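Scroll down for the structure; my scribbles are underneath it.
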Amino acid sequence: MQILSKISPSLLHTSSSSTALLFSKSFRPNFPFHLKNPFSSYPIHHNRFGALFSSMDSVDSVADKFKNQSLENDGSNSNNNSNKRLLKLDELNWDHSFVRELPADPRTDTLPREVLHACYTKVLPSVEVENPQLVVWSESVAELLELNPKEFERPDFPLLFSGASPLVGAVPYAQNYGGHQFGMWAGQLGDGRAITLGEVLNSKSERWELQLKGAGKTPYSRFADGLAVLRSSIREFLCSEAMHSLGIPTTRALCLVMTGQDVTRDMFYDGNPKDEPGAIVCRVAQSFLRFGSYQLHASRGNEDLEVVRTLADYTIRHHFPHLENMSKSESISFSTGEEDDSTVDLTSNKYAAWAVEVAERTASMIARWQGVGFTHGVMNTDNMSVLGLTIDYGPFGFLDAFDPSYTPNTTDLPGRRYCFANQPDIGLWNVAQFATTLSTAKLLNEKEANYAMERYGIRFMDDYQAIMTKKLGLVKYNKQMIGDLLKHMAVDKVDYTNFFRLLSNIKADATIPDNQLLIPLKAALLDIGIERKEAWTSWVKSYIQELSTSGVSDDERKASMNSVNPKYILRNYLCQSAIDAAEQGDFGEVRRLLEVMQRPFDEQPGMEKYARLPPAWAYRPGVGMLSCSS
């Protein structure tokens, strides 16, 4: 079967007809990049995405046809929460569908080993603690669980959420999965230091999985210690909550506990390990299933292909239930544009409909990343959520100076595979591996797999164009204007966040003298010469001309732009300041930073320092760029 025929072979660098090649350890895809739509205005790397987009028409989301719900609809904004009875920890309504419905490892020890024919291993947290302390918590996540926020004040709360004391009703386990890491098949990976406690059902029957990251060894720890340090735990906690407040689908974080024990880490992989404070984050998501959860079983040949189907059935049943009851009357069929037969009927195959929705959710998520300048840093297939959530916050970073080749991951420096500009293409590559996995398990045919890829491309461009149009306050997408702007920003290393926030101050007044046009942008256009001032003046004049035809008042446009262009983002140096204080026992800065990041679009008088450009020290190793060591 020739899967993904519309995508250039040089992009995929594999033949999907060969499972052996797909999962070969020597599989090294060449990932050229030249994204014509958002990033063609300046030279970076080259890609083959443009040809895929050029053949597509913009259409409504397939996922929107299946269900009338938003990606952000996590129940946190319900007006009925005030009427709900808030629960104590021992009153939470635990369910364990993952454990109950999926094949288990017959062993429960933590000896590193290959775990076959199983989706998980039951394992207890084993981290050692000494006077553990609650560092920070999220009341909005407690609201999802209908947990009384007074429970954070319990003296035994740090013990319960370090794993040192068992939570009543929990059935802990570690998930088994594999993945491609930096384009190479890595085989079995799994939860090496994350232990899921179970699923909590709230009164709206929403399912929330609670997971302790850094709680001790599992069979998937290989030869690591299964622990986490305060440094990386603060970053994950804060970014999970910051991304949610930015409107980006993400896993959440309930709380962060410091264990009171040190953990040894070689932060720069340079042979100089040091002791750091240990910590545990309680992560929360409707599911932590990843692309790699399915890949691993498909890679093991015919004997485990039925596990792929079982896991897919479980996922659809609990997380995509709208796909279970599709009927022909919904008429969800689409043309592939091919010369031979050209119809894909998604009502006849729930797995095809699911693959399309996973592709679209992934595309929409990455489009939103690009909109706020977020760079994940480690877009391996084991770090890709099938729910379209941002997951596994490691060496992430938000753009400061606009640099499309920026990667926050020191491990990624040689090839910059996961740099900011490459993220849309990497998303496609990862979805291609997911679709090929389903095809290997005979859940998709060739046309269905290809169609999922097409839908990724359409959804990404639709969402990205809409986001950039709103960021500029335009009434319609203007490719030339946006392309020219990004080119100018790259040339002059303009701060991505501050520039778009300042752009809302431009008035749609064509009578403003040329020498005054750049005044509203002065704080972002630093140290530019006469030639560059002329280039920027020319762009602003064309921008004002475009605005003047919109019929939207300056005040209305400013309010609209400020609702999508954040004033505050979680810059790495802000994280580091909070980490430095917390390592000295002062948790106040972590908590203040959380409060600021929960309202990123508000002015927040008195908090302006959190919107400042990075100081010189922010570019030292371990701040602006990080390794995966945590």
Side-chain angles (χ1 to χ4, degrees), residues 34-44 50 53 367 370-374 398-406 420-421 424 461 463-567 569 611 613:
H34 182 63
L35 185 53
K36 291 185 178 179
N37 286 355
F39 301 119
S40 61
S41 302
Y42 42 77
I44 316 175
F53 292 141
Q370 304 302 106
V372 298
F374 175 78
F398 286 85
L399 290 174
D400 293 316
F402 182 60
D403 176 6
S405 67
Y406 167 69
F420 175 75
M461 289 311 301
D463 283 15
Y464 180 78
Q465 290 177 5
I467 288 167
M468 296 306 293
T469 299
K470 291 176 183 176
K471 286 180 74 69
L472 271 72
L474 305 176
V475 295
K476 61 182 179 180
Y477 182 68
N478 187 321
K479 179 180 177 180
Q480 184 69 44
M481 177 165 291
I482 293 172
D484 288 346
L485 172 60
L486 294 177
K487 179 180 179 180
H488 291 316
M489 292 178 70
V491 169
D492 293 312
K493 307 296 184 190
V494 175
D495 186 83
Y496 189 81
T497 300
N498 289 357
F499 176 85
F500 279 108
R501 189 73 176 190
L502 291 169
L503 189 63
S504 66
N505 295 323
I506 295 287
K507 308 294 184 183
D509 181 358
T511 66
I512 298 175
D514 285 6
N515 63 358
Q516 297 180 24
L517 287 175
L518 301 185
I519 291 177
L521 304 176
K522 183 178 180 180
L525 302 181
L526 305 172
D527 300 323
I528 59 173
I530 295 176
E531 183 179 341
R532 295 303 304 150
K533 284 183 179 179
E534 291 175 351
W536 276 104
T537 298
S538 176
W539 184 87
V540 171
K541 289 173 71 173
S542 66
Y543 177 59
I544 289 175
Q545 183 178 359
E546 183 81 1
L547 295 181
S548 64
T549 64
S550 69
V552 178
S553 71
D554 289 337
D555 288 344
E556 183 182 353
R557 184 179 60 257
K558 179 180 176 66
S560 175
M561 291 174 67
N562 284 352
S563 72
V564 296
N565 290 319
K567 179 170 183 174
I569 56 167
L613 295 176

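FYI, the numbering just counts along the sequence from 1. This structure is a prediction, so every number in the text was calculated from the model and none was measured.
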Check the orientation of Phe420 and Phe402. Use parallel for under 30°, tilted for 30 to 60°, and perpendicular for over 60°.
perpendicular
Which heavy atom of Met561 sits nearest a heavy atom of Lys470, and at what distance?
CG-O, 3.9 Å
The criterion is side-chain contact (heavy atoms from CB on, under 4.5 Å); which residues satisfy it with Val552, sequence neighbours excluded?
Val475, Ser550, Glu556, Arg557
What residues, two or more places apart in sequence or in another chain, satisfy side-chain contact (heavy atoms from CB on, under 4.5 Å) together with Asp495?
Asp400, Thr497, Asn498, Arg571, Leu613
Looking only at side-chain N and O atoms, does Asp555 offer a donor or acceptor that is under 3.5 Å from a partner on Ser553?
no
Please enumerate all residues that pass salt bridge (Lys or Arg N to Asp or Glu O under 4.0 Å) together with Lys507, with sequence neighbours excluded.
none
Taking Trp539 for its side chain and Met481 for its backbone only, find out whether a donor-acceptor pair lies under 3.5 Å.
yes
With sequence neighbours left out, the residues meeting salt bridge (Lys or Arg N to Asp or Glu O under 4.0 Å) with Asp403 are none
Mind checking side-chain contact (heavy atoms from CB on, under 4.5 Å) for Lys558 and listing every partner two or more places apart, or none if nothing turns up?
Ser504, Asn505, Asn562
Work out which heavy atom in Gly371 is nearest to a heavy atom in Ile467; give both atom names and the distance.
CA-CG2, 3.8 Å
With Asp463 via side-chain hydrogen bond (donor to acceptor under 3.5 Å, both in side chains) - residues at least two apart:
Ser364, Arg459
Is there a donor-acceptor contact under 3.5 Å from the side chain of Ser538 to the main chain of Ala535?
no
